[in-house]
Amino acid sequence: MRSAPTPGFRVTRAGPLALLQDAGRFGVRHLGVTQGGPADLHAWAWANHLAGNTWGTPALEITFGGLVLVAERELVIALTGADLGTRLNQKAAPRWQTLSLSAGDTLTFGTPTNGLRAYLAVAGGFSAEPVLGSVACVAREQLGGFDGQGNSVRENDVLPVEDSAPRPAEQTAPESEQPDYQAAVTLDLLPGAQIAAFTGKSLFDAFNAEWTVDQRADRMGVRLTGPKLQCSITSMVSEGISLGAVQVPPDGQPIALLNDRQTIGGYPRLGNLTPLAAGRLAQCLPGQRVRLRAAGTGGALRQHREFLGRFR
Amino acid sequence: MSHSPLPALERAGLDAWMVRLFDTIEENNLLWLTALTRDCEIAFGDALVDMVPSYTTLMVVFDPTRMPPCEARERLTGVLARLTPVDSGAEGELHELPTWYDTSVGPDLGRVAELSGITVQAVIDAHSYQQYRVFALGFAPGFAFMGLLDEELVCPRLDTPRARVPAGSVAIAGQQTAAYPVVTPGGWNLIGRTSARLFDRNRDGFSLLKMGDRVQFVAVDKATFEDQGGDATPVAREKSQ
């Protein structure tokens, strides 16, 4: 039995983007409703795990920083993902571990120093009314979030939290699970059906060149700039787009499509980033360099299962 | 475009297969895609996560921890081997969308008339004359791509999309027509506005229109449009227009 949610945090400064995310909105994509959910599945899953929550519990995705939260009561939390120069009261807030807060404690998110998106989970989980089966906040669709209308948290909002049963044991994520988001990164890509329509030179470039993360990057997709890729297919009849699809419009510059992508589209695709690779890309700042690596399904599936096995 | 034999099963990531049935847009595709969607629902059961039908394809998203991709592929092969189209008598539900065609809410009526070489009234008559089929949903929640338009009305998208297209806007582009369920940016030619609520999170099914449904736009005057709850606020002029 659950008791009613109680105030968990008060927002004293909103920052540019702080979105409530559960695992995503499923079963409604045929209506044109997108997936939503955490852009970085890995960090989101760890935040919930360290806060003692089950898979799918709503947590806060904080992009860029700027947010200031004051605890309304005692809370057990975990912070993972990007280092946004976050302070707990006056000290640097430890990431990737279980933390206990007292009423009045202040979390101040600064600016990105490593990665782009931080995750804040609270024991019991943030509480909001699901819309179409999920609280995943998708601004473009005006769905989900604390208000159900797809809005980022706002100044003076009080963020309700479900009561948690037993307090989770203090724990820390192993160091191997705490990525250095600034490090050179190679993203695993499962080749897709149109890959043979790209020229040989373009395929060589796709998997050997360095790609630069462009300014045009958000929860819908991340544009990569580099050598111009050429494909004999310039446009297709629109069809479903799955997470991590790397589409190549006629300008030859790939776009990796993330959680808030449109549900259908008509550009040829190199293939799909694995779910973990898509999440890793979502942590890259504009200007950062990435490489693509063709991956096999067997290895990718094993990796994904191992990842999920920890949390589900 | 594609020279591989159809139907084809194409990998779409770790957790999805693209079932490609056709390579051109035809109304009859819907009979096969509807049957395929229904059969996949049964074949995948609890392992099914989402299905995204479109003009010529169905993307099936499954939980790869419950059903490995190779098993999902086998199930799809089995479904395809037994697939028969739904009865053409079982046509989609018919929706009548009351639409106020006016330059204040359809500021591209003049442009469409000019490109087509006909009068504004002839554009309205042609658009509201025939029934359309819903070929796909996408772009935004409840946004239905409908067709096919009378050839006379075929005209390109705007060079510069509008930053803000009001909800209810009825629009055309290429061989297709649509009505915008919510405010979004958009590059289609706006020719009117419907009072119908196209996406309602409180309604069972959420989206008024579903793939395969039939749609008839019905021309109404401003008073009727407003009586039915339509918002007659004119489309704002944007600097770039």
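Each chain gets a letter, A, B and so on, in the order the sequences are listed, and its residues count up from 1. These values consider heavy atoms only, across backbone and side chains, with no hydrogens, waters or symmetry-generated copies.
Of the residues considered (B:Ala136, B:Ala140, B:Cys70, B:Ala16), B:Ala140 shows the highest number of contacts with chain A, using heavy-atom pairs under 4.5 Å. Your options are A:Leu190, A:Leu132, A:Leu189, A:Val131, and the one with the most heavy-atom pairs under 4.5 Å with chain B is A:Leu132. Per-residue heavy-atom pair counts under 4.5 Å with chain B were compared for A:His30, A:Arg29, A:Arg140, and the maximum is reached by A:Arg29.
The environment of OH in A:Tyr267 is sparse: at most 12 heavy-atom neighbours from other residues, nucleotides or ligands sit within 6.0 Å. By the 6.0 Å contact criterion, CZ on B:Arg197 is open, its count of non-hydrogen atoms from other residues, nucleotides or ligands being 12 or less. Within a 6.0 Å sphere centred on CZ of A:Arg312, other residues, nucleotides and ligands contribute more than 12 heavy atoms. Within 6.0 Å of CZ in B:Arg38 there are more than 12 heavy atoms belonging to other residues, nucleotides or ligands.
For the pair A:Ser242 (side chain) and B:Ala12 (backbone), a donor-acceptor distance under 3.5 Å is present.
For A:Ile241, the part lying near chain B is the backbone, with the side chain staying farther off; criterion is any non-hydrogen pair under 4.5 Å. Looking at A:Ala245, neither its backbone nor its side chain comes within 4.5 Å of chain B, counting heavy atoms on both sides. For a residue to count as touching a neighbouring chain, one of its non-hydrogen atoms must lie under 4.5 Å from one of that chain's; by this rule A:Gln142 touches chain B with backbone and side chain alike. Of the two parts of A:Val28, the backbone and the side chain both hold a non-hydrogen atom closer than 4.5 Å to a non-hydrogen atom of chain B. Contact annotation for B:Val61: only side-chain heavy atoms (C-beta onward) come within less than 4.5 Å of a heavy atom of chain A. Proximity to chain A is absent for every atom of B:Phe135, based on heavy atoms less than 4.5 angstrom apart. At a 4.5 Å heavy-atom cutoff, A:Arg261 makes no contact with chain B through either its backbone or its side chain. In this structure, the portion of A:Pro275 lying under 4.5 Å from any heavy atom of chain B is its side chain and not its backbone. For A:Ser238, the parts lying under 4.5 angstrom from a heavy atom of chain B are both the backbone and the side chain.
In terms of heavy-atom proximity, A:Thr263 sits nearest to B:Gly138 at OG1-CA, 3.4 Å. Shown here for A:Gly148 and B:Arg201, the closest heavy-atom pair between the two residues is O-NH1, 2.7 Å. Residues A:Arg305 and B:Pro68 come closest through the heavy atom pair NH2-CG, 4.1 Å. The shortest non-hydrogen separation linking A:Thr297 to B:Pro69 is CG2-CG, 4.1 Å. Taking all atoms of both residues into account, the shortest heavy-atom contact from B:Pro141 to A:Val33 is CB-CG2, 3.7 Å. Shown here for A:Gln262 and B:Phe139, the closest heavy-atom pair between the two residues is NE2-CD1, 3.6 Å.
Note: A:Gln194 CD to B:Met18 CE = 7.5 Å, rounded to the nearest 0.5 Å. Considering CG of B:Asp15 and OG1 of A:Thr274, their distance stands at 11.0 Å, rounded to 0.5 Å. Residue A:His304 holds its NE2 atom at 7.5 Å from OG1 of B:Thr65, rounded to the nearest 0.5 Å. For the atom pair CG of B:Asp63 and CG of A:Leu308, the computed distance is 8.0 Å after rounding to the nearest 0.5 Å. Of the inter-residue distances, the one linking B:Arg11 atom CZ with A:Ile195 atom CD1 reads 12.5 Å to the nearest 0.5 angstrom. Annotation: the span from B:Phe206 atom CZ to A:Leu143 atom CG amounts to 9.5 Å, rounded to 0.5 Å.
B:Phe22 is not listed as a side-chain neighbour of A:Val237, based on a closest heavy-atom distance of 4.5 Å or more. Side-chain contact check for B:Leu14 versus A:Leu301: some heavy-atom pair is nearer than 4.5 Å.
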